Amino acid sequence: MASLARGASLRAARAAFRSSVAPFLPRVPARAAASMGTVAMSCGNGDFGRLGHGVAGSGDAALGLSADRFRPMLGLPPDASVRAVSAGGAHTAVVTGDGRVWTCGLDDHAQLGRATTASAPSTTLAPVEGLPEHDPVVAVAAGHHHTLCATASGEVWAFGRNDRGQCGLGPDAPAVVESPAWVAALSPHHHHAEPHGGVRRLAAGPDRSFAVTRRGALFSWGANDEGALGHGGEGRTPPSSGAGGGFRGGGGFFGGSFSFFGGVFSRLVAGRGDESTPRLVRALADNPNARVVDVRCGLAHAACLDDRGVVRVWGGGRLG
């Protein structure tokens, strides 16, 4: 009976949501809708073309089209079906049913994956070239300036800014990855990741990344400010200041000021130690009751959900 009640409640919630957004959706004739696939829609801040609504006017105004109602994103084929979508710092990534990835928005660090030296923003969705054709993409995650793609076989590809190792390509990778690159360390055939299965979920923060495998393991890499990667005291680079609070003054007003700012600085760098290669979050891997099924990433913190419904969080907590 409880399951039936939950099902009825969920159906009611879905109906309420559909009725609440209906006034904001475009009206499409029934005949046209029958020949259309799934429509990707967006609203909000349209700077740099991140909404994919195209251009209007000229100059800077053409790249700053904002929308207070959902509007279709332009550039997808008419019969495309949208499988996944992710909004980054100033770019958007969409996965269609055929396993292709489409991007629009800012491209100042190659986060659109176009393999071109041009850094002009794109105001409509266009396909990413260089991803494997034999292994369709099923999930995508957009960070501030980088993008991650997971394929049906569990492989991961990355492109965009990599100055903090957020693409996961190792210490010798360039600071900007201009076209999709294979993240070998997460391959289900790699000796490091093989016991955990291929990747099924992704999350991208400003300059860090997370991956959940099919067997419930969590990997993280990139910037580790405030311990946001979840590796605890295992960081490869020790904190930049001691436990006493960083810079200290000699006394009086200036001493107190320096001591205060030193304390703030020490919290900011706590756990600092960027990871350029995906690394297993050991605290979860060693817990037999923590089989991770999903992960989310904020500005300086992250959270994961396990198959028992337990949520775990870590990272910066100064603002609650």
Side-chain angles (χ1 to χ4, degrees), residues 37-38 40 73 75-77 79-88 91-104 107 110-116 122 125-143 145-162 165-170 172-174 176-204 208-222 276-280 292-295 297:
T38 308
M73 301 182 73
L76 294 178
D79 58 347
S81 60
V82 177
R83 181 167 190 167
V85 64
S86 181
H91 73 291
T92 305
V94 173
V95 180
T96 49
D98 58 0
R100 301 186 71 186
V101 179
W102 305 68
T103 55
C104 65
D107 195 33
Q111 57 264 49
L112 299 188
R114 305 287 171 78
T116 152
S122 174
L125 291 167
V128 173
E129 303 295 340
L131 290 167
E133 296 182 1
H134 64 283
D135 192 9
V137 172
V138 296
V140 67
H145 300 97
H146 73 293
T147 306
L148 307 171
C149 304
T151 67
S153 69
E155 305 283 0
V156 175
W157 296 70
F159 47 91
R161 188 168 180 172
N162 189 45
Q166 55 264 54
C167 285
L169 302 175
D172 299 325
V176 174
V177 181
E178 295 187 355
S179 58
W182 178 48
V183 184
L186 285 174
S187 172
H189 306 292
H190 192 282
H191 67 87
H192 179 59
E194 181 181 11
H196 308 289
V199 170
R200 63 191 297 265
R201 293 282 190 274
L202 295 168
R208 63 186 58 88
S209 306
F210 294 84
V212 178
T213 72
R214 292 169 178 165
R215 296 174 187 166
L218 179 66
F219 285 81
S220 64
W221 63 98
S276 61
T277 303
R279 184 177 177 190
L280 183 67
V292 180
V293 297
D294 208 351
V295 64
C297 182

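Remember, predicted model here, so these are calculated numbers, not experimental data. The first residue in the sequence is number 1, and the count goes up from there.
With rounding to the nearest 0.5 Å, the separation of NE2 in H91 from CG in L112 is 6.5 Å. Atom SG in C149 sits 8.0 Å away from atom CG in L202 (nearest 0.5 Å). Here the CD-NE2 distance, from Q111 to H146, works out to 10.5 Å after rounding to the nearest 0.5 Å.
Residues S86 and A142 share a closest heavy-atom pair of OG-N, 2.9 Å. For the pair V212 and V295, the tightest heavy-atom approach, listed with the atom from each and the gap, is CG2-CG1, 3.6 Å.
Applying the salt bridge (Lys or Arg N to Asp or Glu O under 4.0 Å) rule to pairs touching residues 145-158 yields nothing, sequence neighbours excluded.
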> Going through the distances and angles, do E129 and S179 end up as a side-chain contact (heavy atoms from CB on, under 4.5 Å)?
Replying inline: CA-CA 8 Å; E129 303 295 340; S179 58; over 6 Å; no

> Between L280 and L218, is a side-chain contact (heavy atoms from CB on, under 4.5 Å) present by the stated rule, with each step listed?
Replying inline: CA-CA 6 Å; L280 183 67; L218 179 66; over 6 Å; no

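With sequence neighbours excluded, the residues forming a side-chain contact (heavy atoms from CB on, under 4.5 Å) with R214 are R200, listed by chain and number. Among residues two or more places apart in sequence or in another chain, the side chain to side chain donor-acceptor pair (under 3.5 Å) test is passed with T92 by none. R161 is linked by a side-chain contact (heavy atoms from CB on, under 4.5 Å) to H109, H145, D163, Q166, counting only residues two or more places apart in sequence or in another chain. With sequence neighbours left out, W157 forms a side chain to side chain donor-acceptor pair (under 3.5 Å) with no residue at all. Residues that satisfy the side chain to side chain donor-acceptor pair (under 3.5 Å) test with T151, not counting sequence neighbours, are D135, S153. When the side-chain contact (heavy atoms from CB on, under 4.5 Å) test is applied to R83, the partners found at least two apart in sequence or on another chain are V95, V138. Residues satisfying the side chain to side chain donor-acceptor pair (under 3.5 Å) criterion with S122, sequence neighbours excluded, are absent altogether. Under the side-chain contact (heavy atoms from CB on, under 4.5 Å) criterion, A40 pairs with M73, L76, V82, sequence neighbours left out.
Under a 3.5 Å cut-off, the side chain of R114 and the backbone N or O of T103 do form a donor-acceptor pair. Checking side-chain atoms of N162 against main-chain N and O of V177 turns up no donor-acceptor pair under 3.5 Å. A distance-only check finds no donor-acceptor pair linking the side chain of T277 to the backbone of G168 [under 3.5 Å]. A side-chain donor-acceptor contact under 3.5 Å links T213 to the backbone of H196. Listed for the S209 side chain is no donor-acceptor partner under 3.5 Å among the backbone atoms of W221.
Between C297 and R208, some side-chain heavy-atom pair lies under the 4.5 Å cut-off. Side-chain contact between L131 and V137: present, with at least one pair of heavy atoms (C-beta onward) separated by less than 4.5 Å. Taking the side chain as every heavy atom from C-beta outward, V140 and T147 approach each other to under 4.5 Å.
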